[in-house]
Amino acid sequence: MYPEFAPRHQKIIFVTGSTASGKSQWAIELAKKYNGSIVNIDSIQFYEKLIIGSAAPTEIEKIQTPHYLYNYVPAPNEMTAGEFLRDFYKLLERKDLQFPLFVVGGTGFYIQALEKGMYNIPEVSQELKQQIENEITKFGNEKAYNELIEFDPESKIHINDAYRIGRALEIKRAFGKTMFQLKSDFEKNNKFNLKLPYLKIGKLLNKEILFKNVTARTHKMLSAGLIQEVEPLLNQGLHQWAPLQSVGYFEVVQYLQNKMPKENLNAEIIQSTMQLIKKQKTWFKRDDTILWSDESVLIEKQIEQKIDLFLNESKI
RNA sequence: GGCCGGGUAGCUCAGUUGGUAGAGCAGAGGACUGAAAAUCCUUGUGUCGGCGGUUCAAAUCCGUCUUCGGCCA
């Protein structure tokens, strides 16, 4: 599943950046220019039927350039970083795949997962996951936190972070390991990092421009039928479905459940989107290997020269 | 014009029998290895509408002015 090596002509370019930065457009231009393909690495655009609110590519765009891993996960399935890796490597086996691959998305966690690999542990059973989740809701964080700290006194997880406590307990009970042990095992022998040559580029716009983009795009989503996109999903009882907790979808669910007046919807979505952008920026700060462009065409061109070099070099 | 409420952090509001203020949200910063567009952490000095007064001490009591609601003329 994880290839140990790959032919040298198989090159990858990550195109990242915050929401509403124009990275998808840029990626499409590049894919056309270099006759490559687009691969999704946005955590919401994986899902079937989440088209408008996730700003997924249009049908026309998909016809013009090969797009992969978009809108294919049906509800109530939920995507995970690990599942994404499996799907990605399965995609690489396709004979008709046109390289270079432009892997596009703003989900830093997934980019990291693909680039560095993930801790090598099997999937935890649904039963155990459910059991731990139930315990935490029933007995509260403290009991779970105490179990964790007793087992792993070094744990840095905050007592309020029920999600991470739960995950750490899953690892403890299923494999008897601490998160730190997983990490050091992983660092000693990481077979799962990305073996193909790759380059990372991104779009970083200033806040004022992003706010304008977000405002325009939120308006567009709502008039394109975002509410109508969510309604049938709610009718199927999917209000707990993870992607419906995401920016834009969450607010529409609130509205449809009469927890928010319609006149607030637009502003609330804009606000959440700006908060998301802020978190994405914070994530990207940890990675100083991304070549950043802004709204200036000049820098974009300079980066494209680097892409030329990267694609032409035949190292190894 | 009269009566009753309100005017406290950018917003919505708490402030017990007077001891110079605090929550949520927003904003700012950060963490992050299988939900990640999620989850979590850190961060609150503001003429307590103005001016007088009572008091050792007033957002809190009194007077007055101002302003926004509502009701009655």
Side-chain angles (χ1 to χ4, degrees), chain A residues 16-21 40-47 50 53-56 73 75-88 105-126 128-130 132-133 136 141 145 155-168 170-171 174-175 177-187 190 192-193 207 211 214 217-218 221 238 240-253 260 264 267-287:
Chain A
T16 191
S18 73
T19 289
S21 63
N40 176 42
I41 194 161
D42 177 292
S43 64
I44 305 300
Q45 292 180 357
F46 294 121
Y47 294 101
L50 301 185
S54 73
V73 178
N77 293 347
E78 293 181 0
M79 196 60 174
T80 65
E83 198 56 42
F84 164 70
L85 291 192
R86 288 186 274 277
D87 289 353
F88 182 85
T107 309
F109 179 55
Y110 280 46
I111 295 173
Q112 175 192 274
L114 182 51
E115 187 184 358
K116 307 235 160 85
M118 298 199 63
Y119 300 165
N120 182 28
I121 42 166
E123 229 166 321
V124 176
S125 74
Q126 268 316 311
L128 182 57
K129 283 186 174 208
Q130 196 57 51
I132 290 172
E133 196 185 320
I136 292 178
N141 288 7
Y145 180 75
S155 172
K156 296 280 189 300
I157 300 172
H158 194 275
I159 188 166
N160 291 345
D161 201 345
Y163 163 61
R164 287 196 170 75
I165 293 172
R167 175 64 183 162
E170 287 172 16
I171 307 291
F175 313 114
K177 295 205 169 192
T178 65
M179 294 304 282
F180 181 76
Q181 281 173 307
L182 285 189
K183 190 179 179 204
S184 36
D185 291 352
F186 173 81
E187 280 165 358
N190 179 12
F192 307 118
N193 59 347
K207 207 175 152 185
F211 184 80
V214 167
R217 148 185 149 132
T218 302
M221 283 179 180
L238 289 168
Q240 303 259 51
W241 195 34
L244 288 189
Q245 316 308 313
S246 68
V247 167
Y249 289 106
F250 176 80
E251 286 77 11
V252 172
V253 169
M260 183 199 294
N264 291 5
E268 292 282 345
I269 293 176
I270 292 170
Q271 188 170 81
S272 303
T273 310
M274 293 309 293
Q275 289 171 338
L276 166 63
I277 286 171
K278 165 66 185 142
K279 282 187 273 187
Q280 289 174 314
K281 280 185 175 169
T282 301
W283 181 281
F284 294 139
K285 274 185 197 162
R286 62 164 56 197
D287 189 343

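Hydrogens, waters and symmetry mates play no part in the numbers below; they use all other heavy atoms, side chains included. Residue numbers begin at 1 in each chain, while the letters A, B, ... track the order of the sequences.
In terms of the side-chain contact (heavy atoms from CB on, under 4.5 Å) criterion, residue partners of A:Arg164 (sequence neighbours excluded) are, by chain and number, A:Ile157, A:Asp161. The side-chain hydrogen bond (donor to acceptor under 3.5 Å, both in side chains) test applied to A:Glu251 returns A:Ser272, not counting sequence neighbours.
Annotation: B:U54 and B:G15 have their C1' atoms spaced 22 Å apart (nearest Å). Remark: the separation of the P atoms in B:G2 and B:C61 is 22 Å, to the nearest Å. Nucleotides B:U8 and B:G46, compared at atom P, are 16 Å apart to the nearest Å. Between B:A26 and B:U67, the two C1' atoms lie 26 Å apart (nearest whole Å). Of the C1' atoms belonging to B:C13 and B:G6, the separation is 12 Å, rounded to the nearest Å. The separation of B:G22 from B:C48, taken at their C1' atoms, amounts to 12 Å, rounded to a whole angstrom. Comparing the P positions of B:G49 and B:U55 gives a spacing of 23 Å, expressed to the nearest Å. Of the C1' atoms belonging to B:U17 and B:A28, the separation is 40 Å, rounded to the nearest Å.
Without hydrogens or angle criteria, A:Gln181 side chain to A:Thr178 main chain gives a donor-acceptor distance under 3.5 Å. The backbone N or O of A:Met79 lies less than 3.5 Å from a partner atom in the side chain of A:Tyr47, making a donor-acceptor pair. A donor-acceptor pair is defined here as one N or O able to donate and one able to accept, closer than 3.5 Å; no such pair exists between the side chain of A:Glu78 and the backbone of A:Trp241. Side-chain N or O atoms of A:Ser184 include one that pairs as donor or acceptor with a backbone N or O of A:Phe180 at under 3.5 Å. The closest donor-acceptor contact from the side chain of A:Tyr249 to the backbone of A:Gly53 lies under 3.5 Å. For the pair A:Glu170 (side chain) and A:Lys129 (backbone), a donor-acceptor distance under 3.5 Å is absent. A distance-only check finds no donor-acceptor pair linking the side chain of A:Thr218 to the backbone of A:Ile269 [under 3.5 Å].
A straight line from NZ of A:Lys116 to P of B:A36 spans 19 Å, rounded to a whole angstrom. Summarising the geometry, the separation between CZ on A:Phe250 and P on B:C25 is reported as 12 Å, rounded to the nearest angstrom. The nearest whole Å value for the distance from the CZ atom in A:Phe284 to the P atom in B:C32 is 15 Å. Going from atom NZ of A:Lys156 over to atom P of B:U42 covers 16 Å, rounded to whole Å. In this entry the distance linking CE of A:Met118 with C1' of B:A35 reads 12 Å, nearest Å. Between the CD1 atom of A:Ile111 and the C1' atom of B:A36 there is a distance of 12 Å, given to the nearest Å. Rounded to an integer number of Å, the gap from CG of A:Asn264 to C1' of B:A26 is 14 Å. Taking atom CZ on A:Arg286 and atom P on B:A36, their separation rounds to 16 Å, with Å as the unit.
Within the 4.0 angstrom heavy-atom criterion, no nucleotide atom of any strand lies near A:Lys281. The residue A:Ile121 sits close to a base: some heavy atom pair falls under 4.0 Å.
Within a 6.0 Å radius of CZ in A:Phe250, no more than 12 heavy atoms belonging to other residues, nucleotides or ligands are found. Other residues, nucleotides and ligands place no more than 12 heavy atoms under 6.0 Å from the CD atom of A:Gln240.
The shortest distance between the side-chain N/O atoms of A:Arg167 and the OP1/OP2 oxygens of B:U33 is not below 4.0 Å.
Between A:Lys281 atom NZ and A:Ser18 atom OG the span is 6.0 Å, to the nearest 0.5 Å.
Among residues at least two apart or in separate chains, salt bridge (Lys or Arg N to Asp or Glu O under 4.0 Å) pairs with a member in residues 105-126 of chain A are A:Arg86-A:Glu123, A:Glu115-A:Lys200.
Checking A:Leu182 against A:Met79, the closest nucleotide of RNA chain B that is more toward the 5' end is the one next to A:Leu182.
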Protein-nucleotides 27-29 of chain B N/O pairs closer than 3.5 Å?
from	atom 1	to	atom 2	distance (Å)
B:G27	OP2	A:Gln275	NE2	2.7
B:A28	OP1	A:Lys207	NZ	2.2
B:G29	OP2	A:Lys278	NZ	3.1
B:G29	O5'	A:Lys278	NZ	3.4

Polar atoms only, N or O, under 3.5 Å: list the protein pairs with nucleotides 37-39 of chain B and their distances.
from	atom 1	to	atom 2	distance (Å)
B:A37	OP1	A:Ser43	OG	2.2
B:A37	OP1	A:Thr107	OG1	2.8
B:A37	O2'	A:Val247	N	3.4
B:A37	N7	A:Asp42	OD1	3.3
B:A37	N6	A:Asp42	OD1	3.2
B:A37	N6	A:Asp42	OD2	3.3
B:A37	N6	A:Ser54	O	3.1
B:A37	N1	A:Gly53	O	3.4
B:A38	OP2	A:Lys279	NZ	2.9
B:A38	N1	A:Arg164	NH2	3.1
B:U39	O2'	A:Asp161	OD1	2.4
B:U39	O2	A:Arg164	NH1	2.6

Given Watson-Crick or G-U pairs with both distances under 3.5 Å, what dot-bracket string fits RNA chain B, with | for other-strand pairs and [ ] for crossing? ((((((((.[[[[.)......]]]].(((((.......))))).....(((((.......)))))))))))).
